[in-house]
Q: 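Here it is, the structure, as structure tokens.
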Amino acid sequence: MLRETLFVFAAFAVFAGATIVKQCDSEELQLKDGVQVAVSDCDKPVCQLKQGTTVTIQIKFKPKKQIQRMDNAVSAIIFNVPLPFVGVDGTNACDNIYNADGSKAGCPLQEGVEYTYKNSFDVLAFYPKVSLTVLYALKEGNDQVLCFEIPLKITK
């Protein structure tokens, strides 16, 4: 089961440079198993998220098995307390899956085929200026398809 999950954002822009992230088991995820994560305006942590902006995320990955349904499992760890990321945690990730050519894929996902997960999130002006770790996972039931974490800082 997922211990914690990450805060991920993605838009429908061209897949930019990869962001360095860590797998939930603390191994470096960058390029492992063909997974690439790109968070807007962040090549390496600590990513600065400015209040009043929209952050985007794209994750390129190849499932290791056929995936029938996939959900987001996202939480922010603030002062060692995991908090579900409202509006993202528990939502259907299949709605955010695209084929390599940019066309909408949805689920089911085929084993070994490259897909891109795209999502975005507004960093609202009332969010506190705080450092946190976001854990982001894509899950099929209790099985993790992928899981990574990244330290972030909300700024003015």
Side-chain angles (χ1 to χ4, degrees), residues 2-64 67 70-89 91 93-105 109 112-139 144-156:
L2 177 67
R3 323 174 265 171
E4 301 141 312
T5 322
L6 177 91
F7 182 55
V8 179
F9 332 100
F12 305 99
V14 175
F15 196 78
T19 302
I20 297 171
V21 298
K22 292 198 178 277
Q23 283 190 169
C24 291
D25 63 9
S26 297
E27 293 178 27
E28 188 171 308
L29 180 64
Q30 189 61 31
L31 303 178
K32 184 178 180 185
D33 298 327
V35 174
Q36 291 181 330
V37 176
V39 177
S40 61
D41 299 322
C42 181
D43 293 331
K44 60 184 177 177
V46 171
C47 295
Q48 306 289 312
L49 306 181
K50 186 176 177 184
Q51 293 171 325
T53 64
T54 299
V55 179
T56 63
I57 186 168
Q58 293 189 24
I59 307 166
K60 286 187 179 182
F61 69 102
K62 292 181 183 178
K64 294 181 181 180
I67 306 293
M70 194 164 54
D71 293 311
N72 294 298
V74 183
S75 58
I77 310 303
I78 302 174
F79 306 116
N80 291 324
V81 177
L83 302 169
F85 194 78
V86 178
V88 179
D89 186 56
T91 61
C94 293
D95 295 340
N96 299 54
I97 302 295
Y98 295 81
N99 293 305
D101 66 3
S103 63
K104 189 97 169 173
L109 305 178
V113 174
E114 184 176 87
Y115 296 98
T116 301
Y117 169 91
K118 302 177 184 185
N119 207 342
S120 63
F121 177 80
D122 293 327
V123 181
L124 301 176
F126 67 84
Y127 285 0
K129 293 181 281 181
V130 65
S131 294
L132 62 135
T133 298
V134 173
L135 293 124
Y136 204 97
L138 301 179
K139 296 175 61 176
Q144 290 183 20
V145 176
L146 61 89
C147 180
F148 62 95
E149 60 184 72
I150 188 168
L152 307 169
K153 184 174 184 178
I154 298 175
T155 64
K156 185 159 183 110

Q: Going by salt bridge (charged side-chain N to carboxylate O under 4.0 Å, His left out), name the pairs with one or both residues in residues 70-84, residues two or more places apart or in two chains.
A: Arg69-Asp71

Q: I'd like to know whether Phe148 forms a side-chain contact (heavy atoms from CB on, under 4.5 Å) with Val35, so could you lay out the CA-CA distance, the side-chain angles of the two residues, the decisive distance to 0.1 Å, and finally the verdict.
A: CA-CA 10 Å; Phe148 62 95; Val35 174; over 6 Å; no

Q: Name all residues meeting the side-chain contact (heavy atoms from CB on, under 4.5 Å) criterion together with Thr91; count only those two or more places apart in sequence or in a different chain, and write none if there are none.
A: Asn72

Q: Which atoms form the tightest heavy-atom contact between Tyr117 and Ala93, and what is the distance?
A: CE1-CB, 4.0 Å

Q: Residues two or more places apart in sequence or in another chain: which of them pass side-chain contact (heavy atoms from CB on, under 4.5 Å) with Asp101?
A: Asn99, Ser103

Q: Does Lys153 have any side-chain contact (heavy atoms from CB on, under 4.5 Å) partners at least two apart in sequence or in another chain, and if so, which?
A: Val46, Gln48, Ser131, Thr155

Q: Could you tell me the separation between the CG atom of Asp122 and the CG atom of Leu49, rounded to the nearest 0.5 Å?
A: 11.5 Å

Q: Which heavy-atom pair separates Lys104 from Asn96 by the least distance, and what is that distance?
A: NZ-N, 4.4 Å

Q: Check step by step if side-chain contact (heavy atoms from CB on, under 4.5 Å) holds for Gln51 and Ile154.
A: CA-CA 7 Å; Gln51 293 171 325; Ile154 298 175; 3.9 Å; yes

Q: Sequence neighbours left out, what passes side-chain contact (heavy atoms from CB on, under 4.5 Å) with Pro63? Give chain and number order.
A: Phe61, Ile67, Leu109, Tyr115

Q: In Å and rounded to the nearest 0.5 Å, what is the CG to SG distance from Leu132 to Cys47?
A: 10.5 Å

Q: When rounded to the nearest 0.5 angstrom, what is the spacing between NZ in Lys60 and NZ in Lys118?
A: 9.0 Å

Q: Roughly how far, to the nearest 0.5 Å, is OG1 of Thr116 from CD of Gln58?
A: 6.5 Å

Q: With a 4.5 Å limit on heavy-atom distance, are the side chains of Pro82 and Ile77 in contact?
A: yes

Q: Find the distance between CE (Met70) and NZ (Lys139) and round it off to the nearest 0.5 Å.
A: 13.0 Å

